[in-house]
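Every number for a ligand or one of its atoms is a count from 1 in the order of the listing. In this chain, numbering begins with 1 at the start of the sequence shown.
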Amino acid sequence: MTRGEKLYEGKAKILYATEDPQLVIQYFKDDATAFNAQKRGTIVDKGVVNNQISVHLFQWLEREGVPTHFVKQLSDREMLVKRLEIIPLEVTIRNIVAGGMAKMLGLEEGIVLKQPVFEWHYKSDALGDPLINDDHIFALGAATAQELAHIRQQSYRVNDVLKRYFAQRSIDLVDFKLEFGRCQDKILLGDEISPDTCRFWEQGTKRKLDKDRFRRDLGDIEAAYQEMLNRVIGAPAAR
Ligand code: UDP
C-alpha cells in the first residue's frame, strides 16, 4: 500500500489516500493540542506510541466482537484503515468524574460513578464540541435513531472490554472518547484509542498516564505515554 494524496490533516493525524478507494492510511503525528487548540505542543514520539496502542486495542476489540476500521499496521506511525464517512459526533463514556464533567457539574475529580455516564458531543471545532442530546442530533440530521442506538450499544461494549483490559494492567479507565463512521451498510468504530483520547490513572497512586499531563503541565509526558504502551502490550497481571 503506498501513500497517495493527502485527504485530510487534523490536529494529531493525517489521512492519505491509497490505490484502493475503500482504504486510507492514518498517519500519527507528534503534535499535541488542548483546549480546542488554544494550547499547542509536541510530545516526542507520541505518534509512534499512539499508533502502536491503537493498533493493539483495535485488534483486541475486534477479537471481542466490536467492528472497527482497522485493517493492519503499515509502519511505526501508519495504520491502514477502512475509509469511513465519519458521523460528526463524539461519544464520551465516563467511569470516574474528571475533566469536563467535573467542571460542568461542580463535582470533585475522582468520584467513582455507580454507572457509566454516556455523552454525545457535536464534532465541531468552531463550536467547541458542545454537549448535545438525541433531539439535537436529529435536528442536525447527523444520524438516525437506529444509528444512535447501535453506536450507544457498541460504546458500552467498548467500555466493558477496555475497563477489564486495563484493570488487568492496574490502570483505571477514567473516561474516553470514540468516533464512529459509516462504511457501506455498517457502522464501524474509527479514529484512535490512545492516551490522547482516554484518561488513564494508575491504580493505587492515581498517577495520570494520559494527555492531562500535557493539558495541565504536569511534566514527564513522554514517559507517561511510554508507560501506557508498555502496559497495553504487556501481559495481564496474574489474578
Ligand atoms: N476527549 C478527546 N477529544 C476531545 C475532547 C475530549 O479525545 O476533543 C477525551 C478526553 O481525553 C477524555 C474524554 O474525552 O478522555 C473526556 O473529555 P472531557 O469531556 O472531560 O473534556 P476535556 O477535559 O478533555 O476538555
Side-chain angles (χ1 to χ4, degrees), residues 8-13 26 28-41 43 46-47 49-51 53-54 57-58 61 68-69 86-113 116-133 136 142 151-152 154-156 158-159 161-163 165-166 171-181 189-202 206-218 221 224-225 227-229 231-232:
Y8 173 80
E9 178 155 5
K11 285 170 271 186
K13 296 188 294 295
Q26 182 160 256
F28 287 74
K29 304 193 282 185
D30 286 350
D31 300 354
T33 62
F35 313 118
N36 205 13
Q38 287 175 60
K39 178 177 176 138
R40 291 170 183 274
I43 300 173
K46 172 169 83 76
V49 169
N50 282 1
N51 187 36
I53 290 176
S54 291
L57 295 178
F58 280 140
L61 286 166
T68 78
H69 68 158
I86 284 286
I87 299 168
L89 300 173
E90 296 188 350
V91 168
T92 302
I93 293 200
R94 304 175 185 276
N95 299 304
I96 298 177
V97 173
M101 180 172 174
K103 201 166 167 207
M104 183 176 79
L105 298 179
L107 294 174
E108 193 96 24
E109 285 206 325
I111 297 170
V112 177
L113 295 160
V117 169
F118 181 100
E119 295 172 1
W120 299 111
H121 292 257
Y122 181 38
K123 194 171 151 64
S124 163
D125 285 339
L127 300 175
D129 298 340
L131 180 69
I132 55 174
N133 66 25
H136 295 124
I151 292 172
R152 187 184 282 267
Q154 291 295 300
S155 300
Y156 278 113
V158 170
N159 188 41
V161 169
L162 293 187
K163 232 171 41 181
Y165 187 88
F166 286 110
I171 297 288
D172 281 330
L173 177 61
V174 174
D175 58 30
F176 57 93
K177 184 264 295 181
L178 302 175
E179 294 182 30
F180 292 84
L189 177 62
D191 197 49
E192 68 179 296
I193 305 177
S194 73
D196 273 12
T197 64
C198 306
R199 284 194 171 92
F200 297 122
W201 292 356
E202 184 178 51
K206 298 206 173 163
R207 184 161 61 112
K208 293 176 173 44
L209 295 173
D210 56 59
K211 204 165 101 175
D212 272 348
R213 302 206 75 84
F214 169 76
R215 293 189 189 97
R216 304 178 187 190
D217 297 318
L218 299 177
I221 307 174
Y225 276 67
E227 174 69 29
M228 275 314 302
L229 173 58
R231 301 265 179 142
V232 166

Student: Scan for salt bridge (Lys or Arg N to Asp or Glu O under 4.0 Å) pairs involving residues 99-111, sequence neighbours excluded, and state none if there are none.
Tutor: Glu109-Arg216
Student: Measuring only between side-chain heavy atoms, which start at C-beta, is Lys46 closer than 4.5 Å to Phe28?
Tutor: no
Student: Give the atom numbers and elements of ligand 1 that come within less than 4.0 Å of a heavy atom of Arg215.
Tutor: 10 (C), 11 (O), 24 (O)
Student: Which ligand 1 atoms are under 4.0 Å away from a heavy-atom of Gly99?
Tutor: 20 (O), 23 (O)
Student: Show the atoms of ligand 1 that are less than 4.0 angstrom away from any heavy atom in Asp196.
Tutor: 7 (O), 11 (O)
Student: Cut-off 3.5 Å, side chains only: do Tyr225 and Asn50 have a donor facing an acceptor?
Tutor: no
Student: When you measure from atom 15 (O) of ligand 1 to every protein heavy atom, which one gives the shortest distance, and what is it?
Tutor: Asp175 OD1, 2.6 Å
Student: Any idea which protein heavy atom is nearest atom 2 (C) of ligand 1, and the distance to it?
Tutor: Lys177 CE, 3.4 Å
Student: How far is atom 21 (O) of ligand 1 from its nearest protein heavy atom, and which residue and atom name does that atom have?
Tutor: Gly100 N, 4.0 Å
Student: Within less than 4.0 angstrom of ligand 1, does Arg94 place any heavy atom?
Tutor: yes
Student: Quick one: does Arg199 get a heavy atom under 4.0 Å from ligand 1?
Tutor: yes
Student: Check for a donor-acceptor pair, side chain of Asp129 on one end and backbone N or O of His121 on the other, with a separation under 3.5 Å.
Tutor: no
Student: Using modelled atom types and a 3.5 Å cut-off, is there a donor and acceptor pairing between side-chain atoms of Thr33 and backbone atoms of Lys11?
Tutor: no
Student: Considering both backbone and side-chain atoms of His121, is one of its nitrogen or oxygen atoms within less than 3.5 Å of a nitrogen or oxygen in ligand 1?
Tutor: no
Student: Could you walk me through whether Glu227 and Arg231 satisfy the salt bridge (Lys or Arg N to Asp or Glu O under 4.0 Å) test, starting with their C-alpha distance in whole Å, then the side-chain angles of each, then the deciding distance to 0.1 Å, before giving a yes or no?
Tutor: CA-CA 6 Å; Glu227 174 69 29; Arg231 301 265 179 142; 2.7 Å; yes
Student: Is any side-chain N of the basic residue among Lys13 and Asp191 closer than 4.0 Å to the acidic one's carboxylate O?
Tutor: yes
Student: Can you list the ligand 1 atoms lying under 4.0 Å from a non-hydrogen atom of Glu90?
Tutor: 4 (C), 8 (O)
Student: Quick check on Lys103 - does any of its heavy atoms sit under 4.0 Å from an atom of ligand 1?
Tutor: no
Student: Under 3.5 Å between any N/O of Asp129 and any N/O of ligand 1: does that happen in this structure?
Tutor: yes
Student: Between Asn95 and Asn159, is a side chain to side chain donor-acceptor pair (under 3.5 Å) present by the stated rule, with each step listed?
Tutor: CA-CA 9 Å; Asn95 299 304; Asn159 188 41; 2.9 Å; yes
Student: Return a yes/no value: protein heavy atom under 4.0 Å from atom 25 (O) of ligand 1?
Tutor: no
Student: According to ring pair (Phe, Tyr, Trp, His ring centres under 6.0 Å), who are the partners of Phe166, at least two apart in sequence or on a separate chain?
Tutor: Phe200
Student: If you measure every N/O of Met101 against every N/O of ligand 1, is any gap under 3.5 Å?
Tutor: no
